[in-house]
Asks: 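Once you've had a glance at the structure underneath, I'll fire off some questions.
What you see is a predicted model; the values in this text were computed from it and never measured.
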Amino acid sequence: MPDFNGVKVFDSSYLNGLLVSRTPDEAVVYPLGLHLFSYIAQIMDSFSERLTLLATTERGNLPVINTENLSNDLKTSFNQKLDFDDAKRNEIKGKYSFSDADNKSLQEKQSTLTTLQQTNYEDKISLLTQKNNIYSEFTKKVNNTVKDLGDYSQYLKRAFNSYKTAKEKNDKALLQSQILKSLPQSNTEEWKNFIKAGKEYSSKLNENEIKKCPYCHQDIVSEDAVKIIQAYATFLNDTSAGELDAATENLKKIRNTINGYDVSIQLTDDIKSIVSDSETLETKLTALNDYKQSLLSAKRVDDIKIFNTDFSVEAKAIQDTIGKNIEELNSLNASKVKKEETIATLQTEIVALKEKESISKQKVAINNYFNIQDKIKAIENKRNSLNTKGITNKSNQAQNELLTSALERRLKDELEKLGRKDLKVQLKVSNGSKGKCSTELVLTGNNSIKNVLSEGEQKAVGLAVFFAEIQNENYPIILDDPTTS
């Protein structure tokens with residue numbers, strides 16, 4: 001049966017197709033086998049698609065690996081179905097064996113970890129620290145109370161001495177001013193102002209005039225008058241009353257301060273447990289309050305005694321206990337640090353052993369995983385080698401060297417035969433892809449034929465192209481309505 005696939009038809013309706021950009025198999029009937037480039041590229045793309053599908057299928061066959069006890073990097077790789085390099089594979093394969101010794105080691109480490117985690121150093125450290133704080137506060141309170149009461153006793157002594165001095169001075173001043181009491185109304189403000197005015201007047205007199213009375217300006221000859229004048233001077237210069245008031249107020253303030261001072265100290269069971277005689281200590285603490293009361297009831301310096309209660313025995317017992325507790329705290333803190341370090345080491349070792357155990361139980365599945373990944377890699381390498389860029393480059397080269405130059409020569413011959421040698425038509429090659437390239441008819445200067453030539457000229461060029469393409473072909477041609485075409 002004859003092959004009609006190569007039959008070419010020329011008709012005016014086909015004219016546009018002859019004048020636009022076309023691929024080689026459109027321009028000629030399989031000229032010089034150039035269509036094979038495209039065919040090969042198609043075959044390569046077909047194989048590439050099949051290989052991609054095959055790789056996808058293989059990837060779907062990858063076994064699911066239980067990653068619960070695996071490290072994060074293995075977990076990520078297996079869950080995301082990633083491949084491993086040779087070094088990582090060898091590392092994984094090195095964990096295929098999980099011996100009885102490994103299992104025994106895992107059990108022992110887990111047991112040790114549980115025991116360590118149940119060991120509570122924190123509570124012991126907290127309890128000892130709390131006790132030391134209680135002991136220190138107790139000692140501090142006792143020492144401060146003894147010191148403060150001693151200071152208050154000294155303040156009180158000085159206050160009594162100041163009061164005594166001011167009282168004696170004031171009594172003397174009062175004694176010297178007794179003669180003034182014989183004068184009528186000597187306690188009134190008017191009289192006091194009168195005396196002060198006489199003093200101011202005397203200060204302005206000369207030396208001889210001072211020996212006279214500032215009020216009557218008569219010579220002072222009477223002994224009683226002399227005493228009255230001396231009493232006037234004592235009265236005017238006396239500050240003892242103010243000093244006595246200040247001393248009295250100071251004594252009152254110190255007593256109020258002592259009265260408000262808290263000497264109560266709680267004797268807890270913790271303190272009682274470390275002193276040799278808690279009853280004696282309680283008696284000493286009571287003595288603090290007794291001494292405070294003795295200060296408040298004191299009327300003079302001689303009433304103030306020295307506080308001689310000694311807390312040194314109890315203080316030493318407390319300090320010795322604090323020292324022992326500090327040593328124990330240091331030991332506990334060191335044990336705590338060592339415990340945390342040991343726990344961290346055990347946890348790391350247990351994770352590694354659990355990973356090894358998990359891998360050993362799944363070694364068949366993991367080997368299968370590696371084998372499938374090898375298949376996938378081989379498939380992808382083959383697919384990547386099926387690159388049509390080289391075929392396309394060869395196609396362009398063949399198009400330039402074989403098809404375009406030959407077709408262009410035949411086209412010029414046909415145009416000359418049709419009497420249109422004046423039409424400067426050229427074939428322009430456009431780079432293609434997938435083993436194909438395109439040719440396009442243009443006028444000299446890359447001008448579009450359809451935009452420049454008339455309809456008749458376009459038909460002439462189209463007919464010339466048609467005849468040029470069918471040369472050396474053993475196929476029938478059809479000229480459809482040649483009188484109008």
Asks: For the residue pair L74 and I359, establish whether any side-chain heavy-atom pair is separated by less than 4.5 Å.
Replies: yes
Asks: Mind checking whether S360 and D102 have side chains closer than 4.5 Å, heavy atoms only?
Replies: no
Asks: Report all side-chain donor-acceptor pairs from residues 152-162 shorter than 3.5 Å, counting only partners two or more places apart or in another chain.
Replies:
| from | atom 1 | to | atom 2 | distance (Å) |
| --- | --- | --- | --- | --- |
| S153 | OG | G150 | O | 2.5 |
| N161 | ND2 | K157 | O | 3.3 |
| S162 | OG | R158 | O | 2.9 |

Asks: State whether D100 and K104 are salt-bridged, where the test is any N-O pair (Lys NZ or Arg NE/NH1/NH2 against Asp/Glu carboxylate O) under 4.0 Å.
Replies: no
Asks: Tell me every residue that passes side-chain hydrogen bond (donor to acceptor under 3.5 Å, both in side chains) with R255, counting only those two or more places apart in sequence or in another chain.
Replies: none
Asks: Is any side-chain heavy atom of K354 less than 4.5 Å from a side-chain heavy atom of Q110?
Replies: yes
Asks: Y261 versus V263: any side-chain heavy-atom pair under 4.5 Å?
Replies: yes
Asks: Could you measure the distance from the CG atom of N371 to the CG atom of N61? Nearest 0.5 Å is fine.
Replies: 12.5 Å
Asks: Which residues pass the salt bridge (charged side-chain N to carboxylate O under 4.0 Å, His left out) test with E380, sequence neighbours left out?
Replies: R59
Asks: Checking E168 against K172 for the salt bridge (Lys or Arg N to Asp or Glu O under 4.0 Å) test, could you report, in this order, the C-alpha distance in whole Å, the side-chain angles of both residues, the deciding distance, and whether it holds?
Replies: CA-CA 6 Å; E168 290 175 351; K172 184 178 179 181; over 6 Å; no
Asks: Quick test of your reading of the model: are E137 and K141 salt-bridged, counting only N-O distances below 4.0 Å?
Replies: no
Asks: Of the non-hydrogen atoms in L70 and S358, which two are nearest, and what is the gap between them?
Replies: CD2-OG, 4.0 Å
Asks: Going through the checks in order, is the salt bridge (Lys or Arg N to Asp or Glu O under 4.0 Å) test met by R89 and D83?
Replies: CA-CA 9 Å; R89 286 192 182 191; D83 196 8; 2.9 Å; yes
Asks: Among all residues two or more places apart in sequence or in another chain, which pass the salt bridge (charged side-chain N to carboxylate O under 4.0 Å, His left out) test with K124?
Replies: none
Asks: Tell me, please, which residues at least two apart from Y369 pass ring pair (Phe, Tyr, Trp, His ring centres under 6.0 Å).
Replies: F78
Asks: If the condition is salt bridge (charged side-chain N to carboxylate O under 4.0 Å, His left out), which residues does E349 pass it with, not counting sequence neighbours?
Replies: K109
Asks: Just to verify, what does N289 make a side-chain hydrogen bond (donor to acceptor under 3.5 Å, both in side chains) with, not counting sequence neighbours?
Replies: none
Asks: Side chains of residues 266-275: which donor-acceptor partners sit under 3.5 Å, not counting sequence neighbours?
Replies:
| from | atom 1 | to | atom 2 | distance (Å) |
| --- | --- | --- | --- | --- |
| T268 | OG1 | I271 | N | 3.4 |
| S273 | OG | D269 | O | 3.4 |
| S273 | OG | D270 | O | 2.7 |

Asks: Is there side-chain contact between V313 and D277, with at least one heavy-atom pair below 4.5 Å?
Replies: no
Asks: Looking only at side-chain N and O atoms, does Y96 offer a donor or acceptor that is under 3.5 Å from a partner on N367?
Replies: yes
Asks: Are N120 and D123 linked by a side-chain donor-acceptor pair shorter than 3.5 Å?
Replies: yes
Asks: Identify the two heavy atoms, one from I125 and one from T129, that lie closest to each other, and give their separation to 0.1 Å.
Replies: O-OG1, 2.7 Å
Asks: How long is the straight-line distance from CG of L116 back to NZ of K338, given to the nearest 0.5 Å?
Replies: 10.0 Å
Asks: Any side-chain heavy atom of N143 within less than 4.5 Å of one from F311?
Replies: no
Asks: What pairs of residues pass the ring-ring contact (aromatic ring centres under 6.0 Å, His included) test when at least one of them lies in residues 267-297, not counting sequence neighbours?
Replies: Y291-F307
Asks: Measure the CG-CD distance between D86 and E91 for me, rounded to the nearest 0.5 Å.
Replies: 13.0 Å
Asks: Kindly indicate whether the side chain of Q347, heavy atoms from C-beta on, has any atom under 4.5 Å from the side chain of I343.
Replies: yes
Asks: Which residues pass the side-chain hydrogen bond (donor to acceptor under 3.5 Å, both in side chains) test with T115, not counting sequence neighbours?
Replies: none
Asks: Name all residues meeting the salt bridge (charged side-chain N to carboxylate O under 4.0 Å, His left out) criterion together with D290; count only those two or more places apart in sequence or in a different chain, and write none if there are none.
Replies: none
Asks: Ignoring hydrogens, what is the shortest heavy-atom contact between L51 and I379? Give both atom names and the distance.
Replies: O-CG2, 3.1 Å
Asks: May I have all residue pairs that pass salt bridge (charged side-chain N to carboxylate O under 4.0 Å, His left out) and include part of residues 305-320, sequence neighbours excluded?
Replies: K284-E314, K316-D320
Asks: Determine the minimum heavy-atom distance between P63 and I372, stating which atoms define it.
Replies: CD-CD1, 4.1 Å
